[in-house]
Amino acid sequence: MATRKERLFYKAVRRVAAAVNSDLELKQALNTIVRNTARPMNAAASLVLLDSTHTKLIHSSSCGLPQFYLKKGILDPSKSLSEVMTNQVVAISDVSQDSRIQYPNLAAQAGITAILGAPLIIDDAAVGSLRVYTKQHVEFSNQDISFVTTMANLAAVAIHYHEALDKSVQLRRGKNESEIGATPLKRARSVTFAHPSEEEFAQILDFYNIEWVYEPQSFPLAWDGNRITEMFTPDFYLPGLDLYIELTTLKQSLVTQKNRKLRHLRELYPDIKITLLYKKDFDRLLAKFGYGPLAQDRGHGVGEVLYSSAEIQRKVRELAKNISKDYSNRHPVMVGVLRGVFCFMADLIRQMTIPLDVDFMAISYYGGEDSSIVKITKDIDLNVAGRPLVLVEDIVDTGLTLNVVIKHLEAKGVSDLAVCTLLDKRTRRLVDVPLRYVGFEVPDQFVVGYGLDYMEEYRNLPFISFLSESRTLKRKVKRRKV
Ligand code: IMP
Ligand code: MG
């Protein structure tokens, strides 16, 4: 005779199998799994998934856990139920006595006593885990373990199935294999944004293939005894960059308040990296894709000269000398990203005094439906495996473009990749890309000339200048090469 618990397990597995085998969205299927795991176990449950760097675990679905516990922080797979990552089940009957719990105090506050975690295994590797949390002291039985393992297996099947489905759709749309790729974390995501600008920002991140999580963590800022009285929840977390981003597209009065909170946050949590994105920065990002207030019409007029032709040439000689010294006997491949770089590249290599190869790549931003990732419209032709590569850029602004290009080139197995940029608009950096050679650090204003354009104009100027003051910057960068 089956016990009551066995009957509950059986029913739950049947319900979940039906959900996995239906046309439910992945997120819904995973929610169903988490709910149907929690109920018969008389416990809370959650599903955590690895990010693309495999160094962070993020809560993806949950049931019965308080917000403060879910938003407690990014989990470290080597600290939180670590054996799960080697495909083992972890059963902890008393969390207060166990070192495999990353946030024991918060677990205690949430009333959690015992935890059972089963790995989600895809292609022999754990991509996350299904976890059960009980308030009572429990010695998990073999039956409990096999039930949760079955549910974890079903979750892995669901993810794997959606991966295959996605892939076939993308292939049919003409994407090539290397352009397709999403982590289980990304696939399992479904988000309700509090503000439209957040959604737009998420689309931009997707475009640059930067993994993001929406509001995964709340940082306590003030306490009254044990009780938290003030918290700060950054809008986004980018696991690959270990960076939090807060959008401040709001009124100036609110920005001041936010700045205060942020200062406080940095004092209390000096180790976290957080960037504030102002309305101005955000509008410029949108303009790159042809959207937003800055993308409307065309401005004209060259303003004040920032660097004369002679100043540029002096700087280029200096950079060429440094690179030639660092790369003597190494025969580097100099790679430029078209089109803005053509003047700089031509001058730079002619001042270099060592043997070298030259190649170019081109990327473009496409608006419209299929704009899921940055498109490489021209790849390099040379084989760069095992060779030192110097990536040459005209200007680094947010760093988003460079980040994509670096990843692309690194995947070709170069022995060493250094970046040389003529201009560095450092104050606008969003993604921290390492720059080995920098010509000039420029202020946060749009510049043109010496290859750099504004809507394709001004590339032929021999100097670098600002756009004229009288006209505000109105850039439109749809279907445009950088
Ligand atoms: P990022 O991805 O924001 O770093 O953008 C870098 C690209 O944006 C550069 O390669 C340029 O094509 C373009 N860009 C950024 N700032 C300027 C500027 O001030 N003048 C001209 N082009 C710019
Ligand atoms: Mg460029």
Side-chain angles (χ1 to χ4, degrees), residues 201 204-210 238 241 245 275 277-278 280-290 292 294-295 298-307 312 335-345 360-365 371 373-378 391-408 419-435 438-461 463-468 471-482:
F201 185 64
I204 290 174
L205 293 173
D206 280 345
F207 182 85
Y208 284 104
N209 221 355
I210 293 175
L238 316 182
L241 306 164
I245 290 190
T275 297
L277 201 69
Y278 292 99
K280 188 178 68 168
D281 305 322
F282 184 67
D283 288 345
R284 289 232 285 237
L285 265 179
L286 282 186
K288 271 201 177 166
F289 301 90
L294 298 182
R298 218 176 148 105
H300 269 292
V302 171
E304 195 191 328
V305 172
L306 183 59
Y307 301 111
I312 296 171
V335 173
V337 183
L338 293 170
R339 294 192 295 268
V341 82
F342 72 100
C343 291
F344 177 44
M345 182 71 137
F360 290 97
M361 57 187 286
I363 69 168
S364 69
Y365 303 129
S371 62
I373 48 174
V374 170
K375 208 164 191 120
I376 290 167
T377 52
K378 185 212 170 300
L391 182 60
V392 184
E393 265 282 17
D394 46 357
I395 182 165
V396 182
D397 186 19
T398 60
L400 288 167
T401 308
L402 193 57
N403 182 54
V404 174
V405 173
I406 289 176
K407 281 194 190 145
H408 174 79
V419 178
C420 168
T421 184
L422 179 61
L423 306 177
D424 179 7
K425 229 187 247 181
R426 192 161 301 176
T427 54
R428 303 234 315 137
R429 201 60 41 81
L430 215 55
V431 177
D432 194 20
V433 278
L435 305 179
V438 174
F440 302 103
E441 205 175 308
V442 293
D444 181 9
Q445 279 185 62
F446 203 75
V447 293
V448 294
Y450 194 60
L452 290 162
D453 74 305
Y454 170 60
M455 297 192 65
E456 294 308 327
E457 262 184 271
Y458 311 113
R459 291 196 195 272
N460 56 333
L461 298 178
F463 50 83
I464 292 172
S465 79
F466 294 119
L467 282 177
S468 67
R471 318 201 65 109
T472 45
L473 160 65
K474 292 188 174 113
R475 274 206 295 159
K476 184 160 182 173
V477 201
K478 225 172 181 176
R479 284 187 170 272
R480 163 182 185 276
K481 294 205 176 80
V482 285

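Residue numbers count from 1 along this sequence. Numbering of ligands and ligand atoms starts at 1, following listing order. Heavy-atom basis, side chains included; hydrogens, waters and symmetry copies ignored.
Under 4.0 Å from ligand 1, not a single heavy atom of R428 appears.
Applying the 4.0 Å criterion to heavy atoms of T401 picks out, from ligand 1, the atoms 1 (P), 2 (O), 5 (O). Close contacts between ligand 1 and D394 involve ligand atoms 10 (O) [criterion: under 4.0 Å to a heavy atom]. Near T398, the atoms of ligand 1 lying under 4.0 angstrom from a non-hydrogen atom of the residue are 1 (P), 2 (O), 3 (O), 4 (O). Heavy-atom proximity to E393, at under 4.0 Å, picks out these atoms of ligand 1: 10 (O). Of all atoms in ligand 1, numbered sequentially from 1 with element shown, those under 4.0 Å from a heavy atom of K425 are 16 (N), 17 (C), 18 (C), 19 (O).
For L400, the heavy-atom gap to ligand 1 drops under 4.0 angstrom.
Comment: R429 engages D424 in a salt bridge, judged by a side-chain N to carboxylate O separation of less than 4.0 angstrom.
Smallest separation of non-hydrogen atoms from D394 and V341: N-CG2, 3.8 Å. Of all heavy-atom pairs between L422 and F344, the closest is N-CE2, 3.6 Å. Scanning all heavy atoms of the two residues, the minimum distance from M345 to V335 falls at CE-C, 3.7 Å.
Distances from atom 20 (N) of ligand 1 to the heavy atoms of D453, V447, L452 put V447 nearest.
At least one side-chain heavy atom of L452 sits less than 4.5 Å from a side-chain heavy atom of L423. L391 places a side-chain heavy atom less than 4.5 Å from the side chain of L402.
Considering backbone and side-chain N/O of G399, one or more are found under 3.5 Å from N/O of ligand 1.
Aromatic ring pairs are classed by plane angle as parallel below 30°, tilted from 30° to 60° and perpendicular above 60°; the pair Y307 and F440 is parallel.
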